[in-house]
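Worksheet: one structure, shown below.
Note that ligands are numbered from 1 as they come in the structure, with each ligand's atoms numbered from 1 the same way.
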Amino acid sequence: QEFMASRSHQPATAVTHIELHRPEKRNAMNKAFWREMVECFTQIAEDPDCRVVVVSGAGEVFTAGIDLMDMASEVLQPEGDDMARTSWNMRRIIAKYQETFSIIERCPKPVVVAVQGACVGGGVDLITACDIRLCTQDAWFQVKEVDIGLAADVGTLQRLPKVIGSRSLVNELALTARKMYADEAKESGLVSRVFPDKEAMLAGALEMAGEIAGRSPVAVQGTKVNLIYSRDHSVAEGLNYMATWNMSMLQTEDVMKSAAASMEKKSPKTITFSKL
Ligand SMILES: CCC/C=C/C=C/C(=O)SCCNC(=O)CCNC(=O)[C@H](O)C(C)(C)COP(=O)(O)OP(=O)(O)OC[C@H]1O[C@@H](n2cnc3c(N)ncnc32)[C@H](O)[C@@H]1OP(=O)(O)O
């Protein structure tokens, strides 16, 4: 499927690959991008033929963040007859842009993101809403917003502290806008794997996606949903939610099929699971 700022295709069974696709503008996030991501992930969440998503960027750079040319009028000049109405409209606009990344986190299908080169501003908002982050050795990450005069408002300040263990490091990155390179990103836990180049990274991302897609979608989606729930709740609340979730999901035929394969020392990838 071709969009204006991105494109999506199915490189393998049950795997959807979304590519940010404005390499000439370093995949800067224009109005079309913010809209298309919502359309894309709304479809993916409902699509039984998709079990896992890979997100990457075309060209040398993952993304330059918000498109500073295309977005300025919308973000900086909200309409309204007085301050209350203008502020209300501004609030609506910010909430709309937050949804572009929150919908990725809410999508029950796991999302693997692959970053090469720069990942700036809105790029960090995007990747922190994904489930698994991979990068190339030349990747760098920058919470750039303070440099352009604003507090990051579409997810980084809320999600990055839950991704990186060190609160001090998060504060430093967000307050100074310094670049963090691949090795530090790995050491801090922002990414789980670093690849020598983009080709190796995409091959690694698709292999990982294939591993996930080959497992029971009931198990995989239940795992994602419960990991995110438990991140935002106490252990007791998380256990309660889990028990309620699995009181129905444990009754899936996938458990018997998977357990039988395991006893026969077969990979779960040899099993045909019903669509979910
Ligand atoms: C309510 C919404 C809230 C969202 C907030 C989000 C905030 C942010 O994202 S803050 C961060 C904003 N981004 C930046 O400040 C980055 C600016 N770009 C760069 O630093 C460099 O382009 C980069 C390091 C990413 C890549 O450098 P490179 O040398 O490879 O490319 P350039 O020659 O600089 O750029 C090539 C063409 O792309 C255009 N471009 C790059 N970034 C942006 C951008 N953010 N917005 C619009 N256009 C961008 C650049 O103008 C060049 O275009 P052209 O001159 O026509 O070739």
Would you check the N or O atoms of [X], main chain and side chain alike, for any that come under 3.5 Å of an N or O of ligand 1?
{"X": "Ala64", "value": "yes"}
{"X": "Trp34", "value": "no"}
{"X": "Val120", "value": "no"}
{"X": "Gly122", "value": "yes"}
{"X": "Leu150", "value": "no"}

What atoms of ligand 1 come within less than 4.0 Å of a heavy atom belonging to [X]?
{"X": "Glu24", "value": "36 (C), 37 (C), 38 (O)"}
{"X": "Glu145", "value": "6 (C), 7 (C), 8 (C)"}
{"X": "Gly65", "value": "9 (O)"}
{"X": "Asp153", "value": "3 (C)"}
{"X": "Lys144", "value": "11 (C), 15 (O)"}

Do Met208 and Met201 share a hydrophobic cluster, counting only Ile, Leu, Val, Met, Phe, Trp and Tyr and linking them when any side-chain heavy atoms are less than 4.5 Å apart?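 Yes, because Met208 and Met201 connect within a single hydrophobic cluster, where side-chain heavy atoms sit under 4.5 Å apart.
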Would you verify that at least one protein heavy atom lies under 4.0 Å from [atom], or report that none does?
{"atom": "atom 10 (S) of ligand 1", "value": "yes"}
{"atom": "atom 52 (C) of ligand 1", "value": "no"}
{"atom": "atom 29 (O) of ligand 1", "value": "no"}
{"atom": "atom 23 (C) of ligand 1", "value": "no"}
{"atom": "atom 37 (C) of ligand 1", "value": "yes"}
{"atom": "atom 55 (O) of ligand 1", "value": "no"}
{"atom": "atom 20 (O) of ligand 1", "value": "no"}

Heavy atoms only: which of Asp125, Ile66, Val154 lies closest to atom 7 (C) of ligand 1? Ile66
Where the closest heavy atom to atom 35 (O) of ligand 1 is concerned, which of Met29, Arg26, Glu60 has it? Arg26
For atom 40 (N) of ligand 1, what's the nearest protein heavy atom and its distance? Lys25 O, 4.0 Å
Give me the nearest non-hydrogen protein atom to atom 47 (C) of ligand 1 as residue plus atom name, then the distance to 0.1 Å.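 For atom 47 (C) of ligand 1, the nearest protein heavy atom is Asp67 OD1, 3.3 Å.
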How about Thr136 and Asp197: does a side-chain donor come under 3.5 Å of a side-chain acceptor?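 No, no side-chain donor-acceptor pair sits under 3.5 Å.
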Side chain to side chain donor-acceptor pair (under 3.5 Å) partner of Asp67, chosen from Lys25, Arg22, Lys31: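 The option that passes is Arg22.
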